[in-house]
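So that the names make sense, note that chain A is the first sequence line, chain B the second, and so on, each numbered from 1.
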2 protein chains.
Amino acid sequence: MPTTMGRRERKKAQTRQALSEAALRLFSEHGYDGVTVAQIADEADVSIATLFAHVPDGKEALIFDDGSERRIWLTAAVHDRPPGQSVLEALRRSMAARGPFTDDLPPELRHKRDLIVNTPALREYSRKLWIACEEALAEAIATESGRDPSDMTIRALARYVLEIPELAGTEPDPLAALNAIFDLLEHGWPESPGKT
Amino acid sequence: MPTTMGRRERKKAQTRQALSEAALRLFSEHGYDGVTVAQIADEADVSIATLFAHVPDGKEALIFDDGSERRIWLTAAVHDRPPGQSVLEALRRSMAARGPFTDDLPPELRHKRDLIVNTPALREYSRKLWIACEEALAEAIATESGRDPSDMTIRALARYVLEIPELAGTEPDPLAALNAIFDLLEHGWPESPGKT
DNA sequence: CTCTGAAACTATAACCACTATAGATTCAGA
DNA sequence: TCTGAATCTATAGTGGTTATAGTTTCAGAG
């Protein structure tokens, strides 16, 4: 067997990519709500049934991958951090280099990111993909900090970290927002005890 | 004008309540996905068009109110807290007495709460209602703590607090989970600096 | 009390996302 | 080469949701 997949899987990947590109092109041109899945299927030259066979999560999932890349990337960021660096610091730096927080991206990806951030349905689905990593991230943090993985504090921390892209992504200065949020998570809410 | 509304608004409220009750009854009996909006409209003896006129947010919104009650309740919890009590402490106590965190409720409301917690679509919509209060809560916190309302730290705090019902609601001991999360928000993530 | 206009309701038809089914084609491995 | 599974297709259907146009019901003005 050759290292490249067989013709079958190659065609499958081609079809999936054609759908992804068609969707991104049409969304950019007419807006998310201005495009029907029928148009996308047409543009990619497949039937509607085929479209849904490739993208079981529906219309919003068309321009995303299946999310496994995110999960791997996250757990790696936690486990492979340099010595002496805290888990939160590692997550902060990794996130800052990614997603909505840097403009150091090919223009094509920037356009895609802007489309996602400015389209509620896509932003929400992006959040879903992040949240789907909650368990994996919680496990990674539990391992690294020697705590119990069922500790609610860990689950909450994982959730709150994964919520950051949606929370900070729409801010005028996303990177500053990201840093402010990580500061909150590291040190807590700095309130003077109460009113007089 | 009498203190009670006119017949018109009374009938409107009646219809809305009939829809709400019909939906709750049918959801409880056949599950959320086992009921169509047509059945609900039928049970409430109105047309489908009328159903959507009363509940513009769609099927999931049928058993919820419009969310304004939540908003009022939240801002009151912050502004009317006893002297010497911190904002987070006030929110912690208020939330603990409500929603998924106490069983001190009429059995009818308990059933409704269980239905919501166990039905993904309803749980998600409940979260939406909470998040819709983010801006109001952020403003309240900003006022009480003398900070700038556009401070990202405040927005994040508000968001994280409003995320608690969904985060802790499914835990075996929701109240303990709620307290653990509030501890995290108050004191931050207590991590030893890093690995060797 | 009556008129008038707005609001609520209705039936109907349509749109769109999504699913189910059954059959045709294509490829992989025995 | 043969067999079976995967892919794709057309088709028809379900269900949520919206638009339209017309009818009934009420509130307030005169």
Salt-bridge present ([X], [Y]; N to O < 4.0 Å):
{"X": "B:R113", "Y": "B:D103", "value": "yes"}
{"X": "A:E89", "Y": "A:R81", "value": "no"}
{"X": "A:E186", "Y": "A:R92", "value": "yes"}
{"X": "A:E139", "Y": "A:R155", "value": "no"}

*Can you tell me if B:T15 uses its side chain to pair, donor with acceptor, with the backbone of B:K11 under 3.5 Å?*
yes
Nucleotide [N], atom [atom2] - distance to [atom1] of [X] in whole Å:
{"X": "B:Y32", "N": "D:dG16", "atom1": "OH", "atom2": "C1'", "value": "9 Å"}
{"X": "B:E9", "N": "C:dA6", "atom1": "CD", "atom2": "P", "value": "17 Å"}
{"X": "A:D42", "N": "C:dC16", "atom1": "CG", "atom2": "P", "value": "13 Å"}
{"X": "A:R10", "N": "C:dT26", "atom1": "CZ", "atom2": "C1'", "value": "14 Å"}
{"X": "A:R7", "N": "D:dT7", "atom1": "CZ", "atom2": "P", "value": "15 Å"}
{"X": "B:L26", "N": "D:dG15", "atom1": "CG", "atom2": "P", "value": "14 Å"}
{"X": "A:D33", "N": "D:dT18", "atom1": "CG", "atom2": "P", "value": "12 Å"}
{"X": "A:K12", "N": "C:dT25", "atom1": "NZ", "atom2": "C1'", "value": "17 Å"}

*Phosphate oxygens OP1/OP2 of C:dC27: is one of them under 4.0 Å from a side-chain N or O of A:K11?*
yes
*B:Y32 ring centre to B:K59 NZ or CZ under 6.0 Å, with the angle to the axis within 45°?*
yes
*With B:R147 as the cation and A:W189 as the aromatic partner, state whether NZ or CZ is under 6.0 Å from the six-membered ring centre and within 45° of the axis.*
yes
Counting only side-chain heavy atoms from C-beta out, which of [options] sits nearest to [X]?
{"X": "B:R8", "options": "C:dG5, C:dA17, D:dA5", "answer": "C:dG5"}
{"X": "A:T15", "options": "C:dA17, D:dT25, D:dC8", "answer": "D:dC8"}
{"X": "A:V37", "options": "D:dT17, C:dA8, C:dA17", "answer": "C:dA17"}

_Can you list, in residue-number order, the parts of residues 44-60 of chain B that come under 4.0 Å of DNA chain C, counting heavy atoms only?_
B:D45, B:V46, B:S47, B:A49, B:T50, B:H54
